[in-house]
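All values below were derived from every heavy atom in this structure, side-chain atoms included, with hydrogens, water molecules and symmetry-related copies excluded.
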Protein chains: 2
Amino acid sequence: MKHLKTLRCIEDVASSGSIRKSAEQLSLTASALTRKIQDFETELGTPIFERMPQGMRLNAAGELVLRHIRAQLSDFERLRSQIADLSGVRRGHVTVAVSQAFAHGLIPKEIASYRARHPLVSFSVLVRDHVHAVRAVAAFEADVALVITPPPAPEFEPLLVIHQPLCALMSKDHPLAKAETVRFRDCLQYPIAMPGPSLAIRHHLQSALVRASLPVNTVVESDSFEVLRSYTGGEQVISFQIRAGIPQDNSNLVAREIDHRDMPPTQLVLGQLRGRSLSVAASKFVDQISGSLHSQYGVRSA
Amino acid sequence: MKHLKTLRCIEDVASSGSIRKSAEQLSLTASALTRKIQDFETELGTPIFERMPQGMRLNAAGELVLRHIRAQLSDFERLRSQIADLSGVRRGHVTVAVSQAFAHGLIPKEIASYRARHPLVSFSVLVRDHVHAVRAVAAFEADVALVITPPPAPEFEPLLVIHQPLCALMSKDHPLAKAETVRFRDCLQYPIAMPGPSLAIRHHLQSALVRASLPVNTVVESDSFEVLRSYTGGEQVISFQIRAGIPQDNSNLVAREIDHRDMPPTQLVLGQLRGRSLSVAASKFVDQISGSLHSQYGVRSA
DNA sequence: CGCCGTGTTGCAATATGAGCAACACCACCG
DNA sequence: CGGTGGTGTTGCTCATATTGCAACACGGCG
């Protein structure tokens, strides 16, 4: 759009840190870009960039401006989405930041189900740990985030909170697979495929370990649930995952809830940036996920 | 600002309903304006105006666009205000919509106190009944509203709620002035200067009258508290006002709380448009009023 | 010092936008 | 029925703003 052109330029320069680089990306010349920014600064009455020999860096006012620009652009997208919705066809783009736990089953399934009804809506899925997922939402990079125990942040507004037990993941023929639920200390009798420290589940395990003060035999540690899953399929090890992240396909893995006395339930949170309204597409996607999670796991929701 | 020019044009045309009228206001020609709007509609991919023989009217998409434009303009003001605040000087403009009850003492006093600290902040005060005050906030015409018992509206977000007793207003030498509090039925023994039906207080009185099922001798009715005050100063009549609207100057009027058994407390609400953030200036003004009301009447606040 | 990186400026080419006048349409009214 | 005054729109012309090119100024670095 015409009236957002300058804003896009500023955003680009701010993120690339160089007028010449941005000029190329925007297919403009450096001189045109320089003048756009100068004009904007004149209109605003304040410089928003510091000119360094290494390039351009935003100053304090510039940070505010950038935040404003991001909001404007995202608002405009929402407007387009709302307008498209008027004519019956849902159109738009939804960016979700999700914890890795959902990358396997839940999110792809939800997106497929949504797109079956609204094929003109496209999706971006950012897989991030809980800290970066919340940060992505705050930086307007994602519309919503679905994460486990997000760090408390004032700008993150939970839309749905569900409490889920942590599960122990093991092969079908594992001795512990016989019972419906397992005790944490029994799991620790076996070698463990441990989620990496960037994963939220790790923190839960860590505090449970501290409480239980039991030794743990970690044979594999990985930031990737995919790795942990594959490995758990091979050796007689135990790994961990929340209920909603359990693979549904016909693998030879089974999940057993860990007794709630040993492990408090994890918090599964779907949230957005506080004080912002979502595009129609995003909003309806949130509704769908909420409904779907509620109907599957709703008995323990809060 | 340059990039908001088109948006301002659209807003103006939407509110005037005529390209030619707007062209004059904006010191443009009708043709230029027409093309601006056509270009915008082309970029957007949808018409936003219905062309009638009587002029231009927004269609459904246009209503969304207008809402968006208002938000953009108001956001930009906030940005300027935040930037000005960076350099230490607070600058900006605050528009408040207030019930008439506060037009006399509270609001002018608060503004004066604020401007003593921040002389570069200017104010607009819209005096509106509760319905229109809330509407003004929703239409981005006012940043905040201070009203009595606002109608429930989802887009109006209360920031502060204080419960205040209704007072009977009378001259110093009135027989009822001897006691600290008065009973409602005693007030009705005297002629009444009655607030008009557009005033929120009237509704309170009305329901109390229905409960008490007592006859009332209304000798003057007015939409203006100023009229009611002046008249109450002359004849031995009773009028009504909430505590925060009682004139503090050295008139010969006194206020006596009505016994709470006869009259439930009124709600005094300071609120803003839900989901929007205020400019620094407005936000600090809200803080000041909150503090001031709390310290004066805070014992009964909720 | 010479080189390469940065952003900036002068000037000419160009695209964008504005104004004017004429047009098409509709409502109203004699 | 046809005029009259209102609406928005369009073709054309011209001013203005925006762009690109090339040259410049400054700072870091070898």
> L73(B) versus F76(B): any side-chain heavy-atom pair under 4.5 Å?
Replying inline: no

>> Contact between R135(B) and H132(B) at the side-chain level, heavy atoms closer than 4.5 Å - yes or no?
In response: yes

> Near DNA chain C, under 4.0 Å by heavy atom, which residues of residues 11-21 of chain A?
Replying inline: S18(A), I19(A), R20(A)

Restricting both atoms to N or O, compile the protein contacts to nucleotides 25-30 of chain C shorter than 3.5 Å, with distance only.
none

> So where does chain B start and stop touching DNA chain D, 5' to 3', when the test is distance under 4.0 Å to a non-hydrogen atom?
Replying inline: dT7(D) to dT18(D)

Salt bridge between [X] and [Y], side-chain N to carboxylate O under 4.0 Å?
X: D39(A); Y: K36(A); value: no
X: R276(B); Y: D143(B); value: no
X: E41(A); Y: R51(A); value: yes

When you measure from the side chain of [X] to the backbone of [Y], do you find a donor-acceptor pair of N or O atoms at a distance under 3.5 Å?
X: T149(B); Y: A200(B); result: no
X: Q100(A); Y: L199(A); result: no
X: R78(A); Y: S277(A); result: yes
X: R115(B); Y: S122(B); result: no
X: E43(B); Y: K2(A); result: yes
X: Y114(B); Y: A281(B); result: yes
X: T42(B); Y: Q38(B); result: yes
X: S81(B); Y: E77(B); result: no

> How does protein contact run along nucleotides 9-17 of chain C, one letter per nucleotide 5' to 3', with B for base contact, S for sugar-phosphate only, - for none, heavy atoms under 4.0 Å?
Replying inline: BBB-----S

> Between F156(B) and H130(B), does the ring centre distance come in under 6.0 Å?
Replying inline: no

> List DNA chain D stems (3 or more consecutive Watson-Crick/G-U pairs, under 3.5 Å)?
Replying inline: C:1-30 with D:1-30

>> R202(A): which residues meet the salt bridge (Lys or Arg N to Asp or Glu O under 4.0 Å) condition with it, sequence neighbours left out?
In response: E221(A)

> What is the distance, rounded to the nearest whole Å, between atom CE of M52(A) and atom C1' of dT6(C)?
Replying inline: 11 Å

>> Rounding to an integer number of Å, can you tell me how far E24(A) CD sits from dG7(C) C1'?
In response: 16 Å

